[in-house]
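Both ligands and their constituent atoms are indexed starting at 1 by order of listing. Note: hydrogens, waters and symmetry copies are ignored here, and every other heavy atom, side chains too, is used.
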Amino acid sequence: MSDWQEQGLAHIWLPYTQMQTAPAPLTVASSKGCRLTLADGRELIDGISSWWTACHGYSHPHIAAAVAAQLQTLPHVMFGGLVHEPALRLATRLAALLPGDLERVFFTESGSVSVEVALKMAIQYWRNRGEAAKKRIVYFRHAYHGDTFATMALCDPEEGMHTLFAGAMPEQLMAELPRDEATRASFDALLAAHRHELAAVIVEPLVQGAGGIKMHDAATLAYIAEACTRHGLLLITDEIMTGFGRTGRMFACEEAGITPDIVCLSKALTGGTLPLAATVARRHVFEGFLADDPAVALMHGPTFMANPLACAAANASLDLFEREPRLQQVVAIEAQLRVELEPCRDLPGVADVRIKGAIGAVELAGAIDLNTMRRRFAELGVWVRPFGNVVYLMPPFVITPDELRTLTAAIRTVLGERARTL
Ligand SMILES: *Cc1c(COP(=O)(O)O)cnc(C)c1O
């Protein structure tokens, strides 16, 4: 180990990590396509696209060139009173890609903050209309919407951090996903009982990500949208994970034919290169903030919002969606996952297998030694990082069939080894 590694490891604090017992993290030296090269020379095939961001693989030359050119002309400028071409072009393109009149884009730098902005939009929208009591939010079991205080309060209470921070977060209302008659009735009853104090419902459309990679169908999503209309509530879809092709459409909400009032985007927005997020509002939401009174304006503004380098990367990423057959690649990945991952269902210790677009999840039953399992995957030459009780793949869309086969084979190997110990 080099000096800088040994010294640095004594000073960094890793996310979601028990620093006393966790094995040392792997040091990555470079990345290309679907592969990570470690400082010790080993190469790993990446099965999870760096927390679901690197949809075009790593170090794509088109994105690199766009960022390099932007670095020469305007790396950053404040977005208060000043704007720039990369942000204006990107806002126009996002508005054109999103359904309906989702047409006003507020840029931030992380997914959690884009959800915070959506919440502020929803709450202030009602306040601006003289309905200041409408400020609570309905979220769903297994949801994940971020790690900041307001977003933690919208994460699954058992898998999330509600116990750790009880009393320090706003209290929101959790519902079951309205998948059948019984859950639809209770969802409706909840909305009816609380509508006077509710601002919005928030949902991860079709696939709930960090809360366990749980999936629901388009009819469930359409029902949520319809119930929001009926009860006069705003619908926020958090497409931070599902957006940009991951479920097979550019945005998951398209599959249900709905236009949410507010959409949150991040993760794959820049193709996994630079931090950027966007909260996109429908015209009527935006118009709710128009008045002679300055206090009616949206009160938010991160220092690095709409960073030009990040916007240039996002524009380059959208170019690639236009020029290359990304959504067809997702269809091919889904088909291959069905053939190669679905059979894990028959292994002892496997509770469920879920596949949608370029997402494949194997839910396990019983205790899981995550550290051991993660180490084993690295030994097999793949970067797969199970969490909770799921082992999952969300590979870059450019992954080759051979690379994907290596990933699914590694999962079958590791789960087969586990099955023999049960
Ligand atoms: C990752 C994620 C977030 C949080 O984004 P950060 O950039 O990590 O703050 C919120 N919602 C969903 C659905 C996500 O997948």
Side-chain angles (χ1 to χ4, degrees), residues 14-17 48-55 106-122 137-156 159-162 165 169 172 174 177 200-216 221 224 235-247 249-253 260 262-280 300 302-307 310 313-314 317 354 356-359 361 385 387-388 390 392-395:
L14 294 167
Y16 313 116
T17 301
I48 56 175
S49 310
S50 280
W51 276 332
W52 327 337
T53 62
C55 56
F106 191 95
F107 288 111
T108 53
E109 352 71 323
S110 81
S112 299
V113 174
S114 77
V115 175
E116 296 261 351
V117 169
L119 300 179
K120 284 173 87 166
M121 278 180 185
I137 311 292
V138 170
Y139 65 99
F140 295 100
R141 187 180 297 285
H142 300 302
Y144 176 84
H145 295 291
D147 284 353
T148 58
F149 275 89
T151 60
M152 273 198 299
L154 304 170
C155 294
D156 186 282
E159 288 147 32
M161 294 172 272
H162 288 228
F165 296 100
M169 302 182 300
Q172 309 293 13
M174 189 192 74
L177 278 163
V201 173
I202 185 165
V203 64
E204 295 157 272
L206 302 188
V207 186
Q208 296 175 300
I213 324 245
K214 305 275 188 186
M215 302 183 181
H216 56 269
L221 183 57
I224 295 168
L235 174 63
I236 303 168
T237 56
D238 176 347
E239 294 239 18
I240 291 170
M241 186 275 279
T242 55
F244 305 102
R246 185 55 68 179
T247 67
R249 311 271 185 126
M250 199 60 177
F251 302 102
C253 62
I262 302 171
V263 176
C264 300
L265 304 171
S266 187
K267 292 219 159 84
L269 173 57
T270 63
T273 55
L274 285 157
L276 185 68
T279 311
V280 189
H300 204 87
T303 306
F304 280 101
M305 76 179 285
N307 170 259
S317 172
R354 295 185 285 272
K356 174 81 184 165
I359 306 170
R385 192 175 152 85
F387 67 90
V390 285
Y392 74 95
L393 295 176
M394 291 201 207

Exercise for the section: Using atom types as modelled and distance alone, determine if a side-chain donor or acceptor of Q172 lies under 3.5 Å from a backbone N or O of I137. Expected result: yes
Handout entry: Min heavy-atom dist W51 to ligand 1 below 4.0 Å
Key = no
Handout entry: CD1-NZ distance between I262 and K120, expressed to the nearest 0.5 angstrom
Key = 13.0 Å
Handout entry: Whether T279 side chain and S114 backbone form a donor-acceptor pair below 3.5 Å
Key = yes
Problem - For atom 8 (O) of ligand 1, the protein heavy atom that lies nearest, with its residue and separation - result: S112 OG, 4.4 Å
Completion exercise
When distances are taken from atom 11 (N) of ligand 1, the protein heavy atom at minimum range is D238 OD2, 2.7 Å
Exercise for the section: Indicate, as side chain, backbone, both or neither, the part of H145 found under 4.0 angstrom from ligand 1 when only non-hydrogen atoms are considered. Expected result: backbone
Problem - Protein contact of atom 3 (C) of ligand 1 - nearest heavy atom, named by residue and atom, plus distance - result: Y144 CE2, 3.6 Å
Completion exercise
Distance col, row S266:OG vs M241:CE, nearest 0.5 angstrom, shows 13.0 Å
Handout entry: Distance-only polar pair, side chains of T53 and S50, donor-acceptor under 3.5 Å
Key = no
Completion exercise
closest protein heavy atom to atom 7 (O) of ligand 1 is G111 N, 2.8 Å
Problem - Short N or O distance, K267 and ligand 1, threshold 3.5 Å exclusive - result: yes
Handout entry: Approximate separation, where rounding is to 0.5 Å, of H145 NE2 and I236 CD1
Key = 8.5 Å
